[in-house]
Structure formats: structure tokens, C-alpha cells
Protein chains: 2
Amino acid sequence: MSAEGAQPGTVRPGGRTARVRATVLRAVGDILAERGFAHLDLSDVARRADVGKTTVYRRWGSVTALVADLLMDMAEQSSPRARTGSLLGDLKANARLVQRTLTDPRQGPLFKAVIAAATCDARTAEALHHFYDIRIREWAPCVRQAVDRGELPEGTDAHEVIRAVSAPLYYRLLASGDPLDEAAADRAAEAAAAAAKAGAYVKDRKDEKIERDA
Amino acid sequence: MSAEGAQPGTVRPGGRTARVRATVLRAVGDILAERGFAHLDLSDVARRADVGKTTVYRRWGSVTALVADLLMDMAEQSSPRARTGSLLGDLKANARLVQRTLTDPRQGPLFKAVIAAATCDARTAEALHHFYDIRIREWAPCVRQAVDRGELPEGTDAHEVIRAVSAPLYYRLLASGDPLDEAAADRAAEAAAAAAKAGAYVKDRKDEKIERDA
DNA sequence: AGTTAAACGGAACTGTAGTGCCGTTAGCTG
DNA sequence: CAGCTAACGGCACTACAGTTCCGTTTAACT
């Protein structure tokens with residue numbers, strides 16, 4: 001007898017199963033990139049991937065689950081960090097990378113769609129957070145090295161600095177709509193570096209100036 | 001004869017028409033806040049608003065158009081800025097306001113959903129950008145006053161500083177998933193203030209250090 | 001108050017997304 | 001390489017979102 005609790009695709013992950021997954025995720029990415037999250041439905045995915053409709057419904061079952069799986073896939077391909085020798089150089093390289101990704105004709109719309117999907121479902125959101133966690137971990141050493149070199153104060157939260165570089169770019173992409181050019185990327189990097197040098201990202205500041213209310 | 005190009009609701013905007021719009025937008029907000037963008041469909045809206053299904057389809061016609069109209073409505077209610085007397089005080093007040101809004105049980109999910117909708121449609125995105133443009137204009141004077149007081153360098157881009165306060169909070173909400181607490185808000189304000197003081201948001205820097213490549 | 005047509009709303013219709021059934025293909029194990 | 005069954009895929013079915021049609025209500029203007 002088989003353990004009936006197992007999800008389809010987990011017992012025999014290779015061969016055809018893997019091929020179907022790759023084709024389907026490719027189709028999902030294509031649809032998200034060119035039509036956006038709102039126009040994604042499972043029937044359409046099955047048609048585009050040239051795969052049985054039943055298969056898509058059985059293995060994923062919902063739009064958000066599809067996107068979550070796509071994010072798992074995206075999380076595996078990592079892009080290595082820069083090593084320019086200075087904090088500002090590294091942060092600018094990171095900012096430029098993010099900026100180029102978000103303005104790319106395929107990646108930009110894709111990221112928009114993936115984030116939209118994550119707002120609708122907890123599991124998808126979790127997959128997205130995992131994705132960014134990996135990317136941030138990849139780049140955090142830049143900041144730690146800057147601390148070692150004495151460029152930044154001791155106790156600086158490396159992850160927080162890396163996030164500070166991306167944040168303004170994502171804010172432009174999703175909220176304000178301001179242009180996402182190289183100047184914006186450089187500015188994001190410079191601002192993060194300046195704030196970090198001023199100690200804005202030093203963590204666990206128990207020695208903070210005494211609260212002065214009441 | 002009537003100009004047939006006119007959109008429904010524009011010729012007789014008062015009375016029942018206005019009442020229907022208010023009820024429908026209320027229902028849209030409710031659904032977005034409690035179920036998210038993916039589960040919003042026009043039939044459901046009509047049912048919840050206790051309004052003829054035909055009306056919703058005729059006047060709005062799509063989910064994104066509904067959200068765009070909701071954003072028009074949201075843009076009208078503005079929240080006045082703080083006047084604490086110092087840049088950091090004002091920025092912290094702004095950061096706290098954004099943080100409280102995004103963690104509010106109704107407003108938080110609503111903002112997520114609205115941003116998700118904006119990623120799927122150009123007109124909705126435009127409405128969202130307009131919404132943030134208004135909010136940012138409202139708070140920009142804080143920064144200009146700080147320049148006048150000599151707290152910030154001449155030529156500092158006021159809008160950019162205000163955006164820099166919100167950006168990390170939205171990044172947490174939508175991308176990284178890190179906690180959106182008061183500490184995060186204070187950090188965002190402090191980082192923006194520090195970067196601004198360092199001159200990271202001075203615009204039109206034609207006197208920038210000479211490019212040194214090739 | 002009366003007139004006009006803008007806007008609403010009920011009811012019937014249609015296309016298609018989502019589901020269930022079952023036979024076929026092919027991945028893993030020994 | 002043979003057997004077992006996980007996983008796929010075609011087909012028929014269902015439910016409901018989205019559309020059309022037309023009669024009713026009522027906002028705007030005189």
C-alpha cells in the first residue's frame with residue numbers, strides 16, 4: 001500500500017515528471033511576464049505548456065501554488081556577489097544588478113507578478129521571502145567586510161544594509177512608479193552607504209539615548 | 001442626441017449613481033482586505049454591495065478598473081503631515097504613520113491588494129502613482145523646512161527623502177516579509193535622515209567628481 | 001410639476017475554468 | 001528486464017463568471 005498523504009510528483013520526481021514541471025514553470029513565467037498575474041489561469045497554463053489540464057490541476061491546484069513553485073525554482077539559480085574592494089563599489093554593483101533585473105523586459109514584469117501573487121497567499125509569500133533571504137545572504141558579506149575594514153561601525157546589521165539598497169528600487173517599481181534608471185540605482189547605493197556609515201543600521205542599540213517621555 | 005462616447009456615471013453623477021459607487025467601492029475594499037486581489041470578481045462585488053450585477057459590469061467592467069476607481073477615492077482623503085520642529089521628528093512621525101497603516105488589520109491587506117492590482121494594469125498603476133504622488137507632496141515641506149533651517153544641504157530633493165522613508169517599510173510588506181514594527185519605522189526614518197544629511201539626495205549634481213573610467 | 005434619457009436591475013443565455021473518471025504511459029525498484 | 005503503480009492525459013460534466021436584452025427607476029433640467 002502507498003502512503004496516500006504524498007503529494008503528486010514527490011515519489012517519482014525524475015524523467016517525465018521533471019520534464020512536465022520544467023515545461024509548466026516555463027509557461028507560467030511566460031504568461032506572468034507578458035500578461036500579468038490577473039490573467040493567469042490553470043487551463044491557459046496547460047494549453048501553453050502542451051500538457052494535460054488534469055495534470056496541472058492535480059499537481060498544483062491553484063495559481064498561487066504555481067507561482068510558489070516557480071519561486072522555489074528561481075531561488076536555486078543564484079547570482080554571485082561583486083568584490084570591488086569598497087563598500088560603495090559593492091553596493092553600487094548590487095543596486096545596478098537589481099535595477100537591471102527589474103527593468104528587464106521579461107524579468108521586470110515577472111517580478112511584479114510574483115510579488116502580486118505573494119500578496120494573495122501565505123505559502124507563496126513564504127516562498128518569496130525565502131527567495132529574498134537567499135539573495136540577501138549572498139550579498140551580506142560585502143557589508144561584513146566593510147565592517148572589518150573599518151568602513152562601518154561595529155555591530156552593523158549586514159542584511160539590513162543590503163535590504164536598504166533594494167528597497168527604494170522596489171518602491172519605485174511597485175508603488176511610486178518613478179523611473180528605474182542607473183541614477184536611481186546609484187542613489188540607492190549611496191544612501192544606504194551613507195546611512196550605514198552614520199550608524200543607522202547598528203543593531204541591538206541598548207545604549208540608545210535615554211527615553212525622555214514622562 | 002447624446003455624445004455616445006461618455007462613460008456611464010459621468011452625466012448624472014449624483015443621487016443613486018453616487019450611492020451605488022460608494023456602496024460598490026466599500027464592498028471592493030472589504031473583499032480586497034479580507035480575501036485579497038486574486039479572489040475578487042465582479043459578480044461577488046455586485047452580490048456584496050447588493051447592486052445589480054449588470055451595473056458593475058457596465059460601469060467598471062474589470063477588476064483592475066474597480067481598484068483604480070477605489071484609488072481615486074482613497075486619494076481624496078489626505079492625512080496631514082506632522083510639525084515637530086526637527087527633520088528626524090517629522091520623518092519618524094511619517095514612518096510611524098506608514099507603519100501603522102501597513103500593519104492595520106484592514107488597511108494593510110488592502111494596500112497589498114491594491115499594489116497587486118496595479119501590477120496587472122497600466123491605468124490602475126497610474127492611479128496608484130497619483131495616490132502616492134499626493135501623499136509625498138503632502139509631506140515634502142518637512143524636508144524643505146529642514147533645508148531652510150540648515151539641517152540639510154541645499155538642493156536636497158524633498159520628494160526623494162520622503163520616499164526613502166516609506167521604501168524600506170513597503171519592501172518589508174511586499175518582498176522580504178521582515179517584521180513591520182515601530183523599530184523598523186524608526187530605523188527607516190533615521191536612515192533617511194542620515195543619508196539626506198550626507199547629501200545622498202542632492203539633485204542635479206553636475207559638479208560630481210569626474211568620471212574616472214577610460 | 002413635467003419631460004427626457006441616463007443609469008439601474010432582473011432574467012435568460014453562453015463560454016469556459018475547474019472537476020471527476022478512467023484508461024495509458026513510463027519512472028523506480030529488485 | 002519485468003512488475004508495480006505513480007503520474008499523465010483525454011473526455012465528459014458542472015458551476016458560475018461574464019454578457020446581452022429590455023423594462024423600470026430616477027437624476028438633471030426647464
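So that the names make sense, note that chain A is the first sequence line, chain B the second, and so on, each numbered from 1.
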Under the side-chain contact (heavy atoms from CB on, under 4.5 Å) criterion, do B:Leu102 and B:Arg172 qualify, and how do the steps go? CA-CA 10 Å; B:Leu102 297 186; B:Arg172 284 171 123 88; over 6 Å; no

Using 0.5 Å steps for rounding, measure from the [atom1] atom of [X] to the [atom2] atom of [Y].
| X | Y | atom1 | atom2 | result |
| --- | --- | --- | --- | --- |
| A:Ile162 | A:Arg137 | CD1 | CZ | 13.0 Å |
| B:Tyr171 | B:Asp178 | OH | CG | 8.5 Å |
| A:Arg48 | A:Thr23 | CZ | OG1 | 13.5 Å |

Across the strands shown, which category fits A:Arg21 at heavy-atom distances under 4.0 angstrom: base, sugar-phosphate, nothing? nothing

Report which part of the nucleic acid A:Thr10 touches: base, sugar-phosphate, or nothing (heavy-atom distance under 4.0 Å, all strands). sugar-phosphate

Over 60° means perpendicular and under 30° means parallel, so classify the ring planes of B:Phe111 and B:Tyr132, tilted if in between. tilted

Separation of atom [atom1] in [X] from atom [atom2] in [N], rounded to whole Å:
| X | N | atom1 | atom2 | value |
| --- | --- | --- | --- | --- |
| A:Leu66 | C:dA17 | CG | P | 15 Å |
| B:Arg19 | C:dA7 | CZ | C1' | 12 Å |
| B:Asp50 | C:dC8 | CG | P | 14 Å |
| A:Leu40 | C:dT16 | CG | P | 17 Å |
| B:Trp60 | C:dG9 | CH2 | P | 10 Å |
| B:Asp44 | D:dG18 | CG | C1' | 14 Å |
| A:Arg47 | C:dG15 | CZ | P | 15 Å |

Filtered N/O pairs between nucleotides 19-24 of chain C and protein, under 3.5 Å:
residue: C:dG20; atom: O6; partner: A:Thr54; partner atom: OG1; Å: 3.3

Give me the stems containing DNA chain C, sorted by first residue, counting only three or more consecutive Watson-Crick or G-U pairs with both distances under 3.5 Å; say none if there aren't any. C:1-30 with D:1-30

Kindly say whether [Y] contributes a backbone atom to a donor-acceptor pair with the side chain of [X] at under 3.5 angstrom?
| X | Y | answer |
| --- | --- | --- |
| A:Arg81 | A:Asp90 | no |
| A:Ser166 | A:Arg163 | no |
| B:Arg187 | A:Val202 | yes |

Could one point to a donor on the side chain of B:Arg12 or the base of C:dA5 with an acceptor on the other under 3.5 Å away? yes

When you measure from the side-chain N and O atoms of A:Ser43 to the phosphate of C:dT16, is any distance below 4.0 Å, counting only OP1 and OP2? no

Look at the side chain of B:Val11 and decide which nucleotide, out of C:dG18, C:dA6, D:dA17, has an atom nearest to it. C:dA6

Can you check whether B:Val165 reaches B:Trp139 side chain to side chain, under 4.5 Å on heavy atoms? no

When the nearest nucleotide of DNA chain D is assigned to B:Asp41 and to B:Pro13 on a heavy-atom basis, which residue is associated with the more 5' position? B:Asp41

Quick check: on DNA chain D, is the nucleotide nearest B:Thr17 upstream (toward 5') of the one nearest B:Val63, or the reverse? Name the residue that is more 5'. B:Val63

